[in-house]
Amino acid sequence: MPEQQAWRPIDAGDETLRDALNEANIPALMTALVHLTGNADIIRGDIRPMENAFTDLQGAGIPPEQQQEIRDLAFDVIREFRDSGSQLPGIPDEATVQEMMNFISGHELENDYIDFLQSELSLQGESAFSQPAIELVEASQRENFSVLVIGAGMSGILAAIKLKEAGFTYTVVEKNPEVGGTWFENTYPGCRVDSPNHAYSYSFAPKDWPQYFSEQPVLLDYFKQVAEDNGIMDSIRFNTEVKRARFDEDTALWEVTIETPDGREVLFVNAVIAAVGQLNRPMIPDITGLSTFAGPVFHSGYWEHDHNLTGKKIVVVGTGPSAFQFVPRIASDAAEVNVFQRTAPWVFPKPEYQAFIPEGKHWLLKNLPYYAHWYRFFVFWHTSEGMMKAAIRDPSWNDSRAVSKENDIIRQLLQANAKSIVGADPELFAKVIPDYPPAAKRMLIDNGAWYNALKRDNVNIITDPIKRVTEHGVETESGQTIEADVLIFGTGFHATKFLWPMEIVGRGGVDLRSHWEDDPRAYRGVTVPMYPNFFIMYGPNTNIVVNGSIIFFSECEMRYILGCLAVLLAGRHRTMEPRQAVHDAYNERIDAGNLAMAWGTETVNSWYKNASGRVTQNWPFSLWEFWEQSKSADPNDYEFT
Ligand code: NAP
């Protein structure tokens with residue numbers, strides 16, 4: 001082990017320590033003890049996390065008496081550490097860190113993974129997403145290169161921060177009056193993140209989150225704070241929307257038409273980064289008679305807070321992640337909530353879903369050396385990469401309710417969870433159990449709020465489709481009439497219409513929409529042939545179903561974009577765009593990958609697919625592969641002018 005390391009002294013009393021240890025994630029605590037003692041024997045014994053510990057984020061499936069054994073040991077070790085001056089033995093050597101990673105993940109991790117996971121773990125504060133190549137480009141070249149970022153949501157904020165750090169001239173345009181994107185727009189009751197917050201944060205801006213899955217106002221504050229802390233606010237033009245961006249082949253500049261509060265304006269820039277997200281143009285289905293409805297009609301993405309829903313009869317359309325979050329909230333005050341379900345969602349039990357992080361956990365995250373690193377790593381693995389295996393289709397599996405044995409185990413677990421809550425009502429139970437495999441559509445996570453809401457006397461799940469809307473309610477296909485005062489659509493977004501409704505015109509005057517038709521594709525999710533110096537964040541095939549946080553993907557994409565700009569400027573080129581053949585081969589691989597996953601199941605519809613059934617949204621491989629492919633841009637993949 002290397003030399004001793006000083007650590008912020010621990011001054012908590014014994015009682016605080018005991019309370020904190022009662023809240024500890026046991027595997028993270030065990031690895032923290034390796035740091036404290038310099039002895040790795042603690043992770044070499046019989047006490048280890050279950051391989052699939054995603055249902056028990058605290059004990060990780062370790063029996064209670066063994067958990068207590070670890071807490072008792074930790075109490076003695078931390079007291080000794082505190083009382084002897086808080087000196088650490090130093091970071092364990094690489095082989096031990098690898099052993100610790102294997103221990104936490106419950107896997108013998110392959111060598112390829114080690115680099116990636118070590119930088120994700122960031123024991124020495126190293127960045128998992130740095131782009132050293134850009135620093136080799138002359139500062140004046142970077143300064144003279146202008147970039148327009150479209151959108152100031154999660155990805156746009158990140159792009160601006162990284163462009164600023166790298167010394168580019170940049171401007172951000174944002175259609176809303178504030179930063180935050182989806183977290184600014186979605187304000188429906190109950191809106192919260194459904195990826196664990198300790199992974200759903202920028203790698204460079206960790207936060208002591210109040211909840212494991214925090215609510216929208218907390219998320220919005222976080223993004224505002226990060227934007228402010230990183231000094232990008234003055235570079236954002238709010239209430240400004242990009243209407244059209246046209247590449248001028250003579251000047252090699254993008255001519256961007258923006259709609260500002262003072263009218264139209266045209267900007268000329270060397271490159272454009274589109275960071276508009278996949279889910280910000282709400283979709284309301286075209287239902288006969290909708291315009292005749294007498295009461296308020298709105299979409300979850302634009303919640304109309306001025307309507308008092310107390311005592312109202314409400315019809316909700318959709319049972320996706322948005323409706324699933326707001327229905328339990330509105331049900332307690334409404335007279336009646338009738339929820340139209342086209343397809344039942346799979347619901348994953350997560351007891352801590354709405355819980356606040358107890359004081360003891362905050363203490364551990366803030367004070368126990370390296371606990372926060374390993375806790376984030378535990379969450380990262382067990383709620384993301386570790387879940388992928390259960391989503392892989394086994395060609396020899398022939399029960400349409402699952403895609404493999406592992407997937408079927410999850411299915412049974414989810415079904416048992418539903419039964420434990422709604423099992424006493426066989427009709428409701430039959431309605432809420434999907435007939436498709438887990439992970440074929442986005443799974444919801446819950447602490448029981450959804451199923452319990454459906455059990456209420458004033459809530460009904462209706463599977464009979466809507467035939468038409470009338471002045472005072474809806475009529476179903478089977479002729480039932482449902483009265484309503486308010487109609488709320490939780491019907492999702494125009495997700496497959498990437499970048500819509502902006503007009504993006506590339507070489508030869510070709511509009512990207514017509515170039516793509518209904519089939520958006522990009523190289524590494526970021527660049528498109530014929531659209532030089534145009535980069536997309538959260539573009540085609542960069543979404544995830546089971547593994548991880550979309551912020552991770554954005555950080556990879558931004559690193560890749562900087563890698564592209566490094567190649568462009570170091571080569572003193574004016575423009576770059578991916579070679580068609582390289583782009584096509586990449587997409588063939590993606591398509592084959594998606595077909596091999598649960599969400600590629602041909603019989604299941606989702607917003608991940610376009611009209612012809614191709615998965616246009618999702619990344620089918622591991623996080624490691626996405627990270628790896630974003631490390632640098634290969635000049636051989638590109639054509640330059
Ligand atoms: P969504 O996942 O697209 O769900 C839309 C729902 O509306 C589905 O139940 C869908 O049924 C139904 N629907 C759509 N058109 C319909 C029609 N014509 N008739 C009847 N039902 C119809 O939309 P969302 O719930 O807004 O979520 C969108 C995405 O946003 C999520 O997948 C997730 O990625 C993200 N999101 C995240 C969070 C979070 O992190 N907390 C929260 C909300 C949303 P079918 O299933 O049959 O299509």
Side-chain angles (χ1 to χ4, degrees), residues 153-154 181-183 185-197 199-200 211-220 277-288 290 298-303 315-329 338-348 350 353-354 383 431-432 434-436 439-446 449-450 461-469 474 476-477 487-497 538 542-551 553 599 603-609 611 617-618:
M154 178 275 286
T182 198
W183 298 110
E185 289 176 6
N186 284 272
T187 61
Y188 59 80
C191 181
R192 65 171 71 237
V193 65
D194 66 1
S195 295
N197 247 163
Y200 188 84
Q211 293 187 270
Y212 302 93
F213 302 89
S214 298
E215 294 208 4
Q216 172 266 337
V218 176
L219 270 297
L220 180 58
Q278 293 183 3
L279 302 162
N280 72 356
R281 299 288 173 173
M283 192 280 290
I284 292 190
D286 187 13
I287 304 177
T288 309
L290 188 55
F298 56 91
H299 186 278
S300 58
Y302 288 114
W303 195 269
V315 158
V316 171
V317 186
T319 52
S322 300
F324 157 87
Q325 289 184 328
F326 71 73
V327 165
R329 290 292 174 101
N338 287 299
V339 185
F340 279 83
Q341 172 183 278
R342 190 164 65 180
T343 316
W346 276 116
V347 178
F348 205 100
K350 193 71 85 178
Y353 178 54
Q354 299 196 21
T383 63
K431 281 181 182 171
V432 302
D435 58 1
Y436 59 86
K441 289 165 89 87
R442 189 171 165 94
M443 278 192 278
L444 310 177
I445 58 166
D446 196 17
W450 171 248
I461 275 275
I462 302 175
T463 50
D464 191 7
I466 297 177
K467 184 176 176 199
R468 64 188 186 106
V469 175
V474 298
T476 69
E477 293 281 357
L487 262 184
I488 307 178
F489 285 90
T491 41
F493 300 84
H494 289 283
T496 51
K497 292 185 180 176
Y538 201 14
T542 61
N543 188 53
I544 34 177
V545 186
V546 291
N547 56 331
S549 140
I550 206 67
I551 298 185
F553 278 73
W599 51 86
T603 48
V604 184
N605 288 324
S606 69
W607 64 265
Y608 302 145
K609 295 177 177 175
Q617 302 326 93
N618 297 336

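Side chains are part of it too, since the values below use all heavy atoms of this structure and drop only hydrogens, waters and symmetry mates. Numbering of ligands and ligand atoms starts at 1, following listing order. In this text the structure is predicted, and so the values were computed from the model without any measurement.
- In terms of polar-atom proximity, S322 is counted as a contact of ligand 1, with an N or O under 3.5 Å from an N or O of the ligand.
- Of all the heavy atoms of Y188, the ones lying under 4.0 Å from any atom of ligand 1 belong exclusively to the side chain.
- Taking 4.5 Å as the limit, every side-chain heavy atom of M154 sits out of range of all side-chain heavy atoms of W183.
- Here F493 has side-chain heavy atoms under 4.0 Å from ligand 1, and that is the only part of it that gets that close.
- Heavy-atom distances between N605 and ligand 1 stay at or above 4.0 Å for every pair.
- For the atom pair L444 CG and T319 OG1, the distance stands at 8.0 Å (nearest 0.5 Å).
- Atoms of ligand 1 found under 4.0 Å from any heavy atom of L279, numbered from 1 in the order shown, are 29 (C), 30 (O), 34 (O), 35 (C).
- Residues N197 and L219 meet the side-chain proximity criterion, which asks for heavy atoms closer than 4.5 Å.
- With a 6.0 Å radius and a threshold of 12 heavy atoms from other residues, nucleotides or ligands, N605 has its CG atom at or below the threshold.
- Of the listed residues (Q216, Q278, R342), the one carrying the non-hydrogen atom nearest atom 22 (C) of ligand 1 is R342.
- By heavy-atom distance, the residue among S195, S300, G492, G301 lying nearest atom 1 (P) of ligand 1 is G492.
- Per-residue contacts place M283 under 4.0 angstrom from the following atoms of ligand 1 (heavy atoms of the residue considered): 15 (N).
- For atom 18 (N) of ligand 1, the closest heavy atom belonging to the protein is P285 CB, 3.3 Å.
- Scanning for ring-ring contact (aromatic ring centres under 6.0 Å, His included) contacts around Y212 gives an empty result, with sequence neighbours left out.
- Of all the atoms in ligand 1, the ones that sit under 4.0 Å from a non-hydrogen atom of Q325 are 41 (N), 42 (C).
- If you number the atoms of ligand 1 from 1 as listed, the ones under 4.0 Å from a heavy atom of R192 come out as 39 (C), 40 (O), 41 (N).
- Residue, atom and distance of the protein heavy atom nearest to atom 4 (O) of ligand 1 are G320 CA, 3.6 Å.
- The closest non-hydrogen atom to atom 6 (C) of ligand 1, taken over P465, S549, G490, A323, comes from G490.
- The option from G277, G190, G318 that lies nearest to atom 12 (C) of ligand 1, judged by heavy atoms, is G318.
- Here the straight-line distance linking atom CZ of R442 with atom CD of Q617 works out to 12.0 Å at 0.5 Å rounding.
- Below 30°, between 30° and 60°, or above 60°: for W450 and F324 the angle between ring planes is between 30° and 60°, a tilted geometry.
- Checked against a 3.5 angstrom limit, the closest N/O atoms of T343 and ligand 1 fall inside it.
- Y608 places no side-chain N or O within 3.5 Å of a backbone atom of I544 that could act as its donor or acceptor partner.
- The shortest distance between side-chain heavy atoms of F489 and S300 does not fall below 4.5 Å.
- The structure places OH of Y353 at 5.5 Å from CG of D194, a figure rounded to the nearest 0.5 Å.
- Interface atoms of ligand 1 facing V317, defined by a heavy-atom separation under 4.0 Å, are 20 (C), 21 (N).
- Outside the 6.0 Å centre-distance limit, the rings of H299 and Y188 are not counted as a close aromatic pair.
- Atom 9 (O) of ligand 1 has T319 N, 2.9 Å as its closest protein atom, hydrogens excluded (heavy atom only).
- For atom 31 (C) of ligand 1, the closest heavy atom belonging to the protein is P321 CG, 3.4 Å.
- The one candidate from Q341, E477, R342 that meets the side-chain contact (heavy atoms from CB on, under 4.5 Å) condition with P465 is E477.
- Close approach of ligand 1 to K441 (heavy-atom distance below 4.0 Å) involves ligand atoms 45 (P), 46 (O), 48 (O).
- Looking from atom 40 (O) of ligand 1 to the surrounding protein, the closest heavy atom is D194 OD1, 2.7 Å.
- Here V193 has backbone heavy atoms under 4.0 Å from ligand 1, and that is the only part of it that gets that close.
- In terms of protein heavy-atom proximity, atom 3 (O) of ligand 1 is closest to W607 CD1, 3.4 Å.
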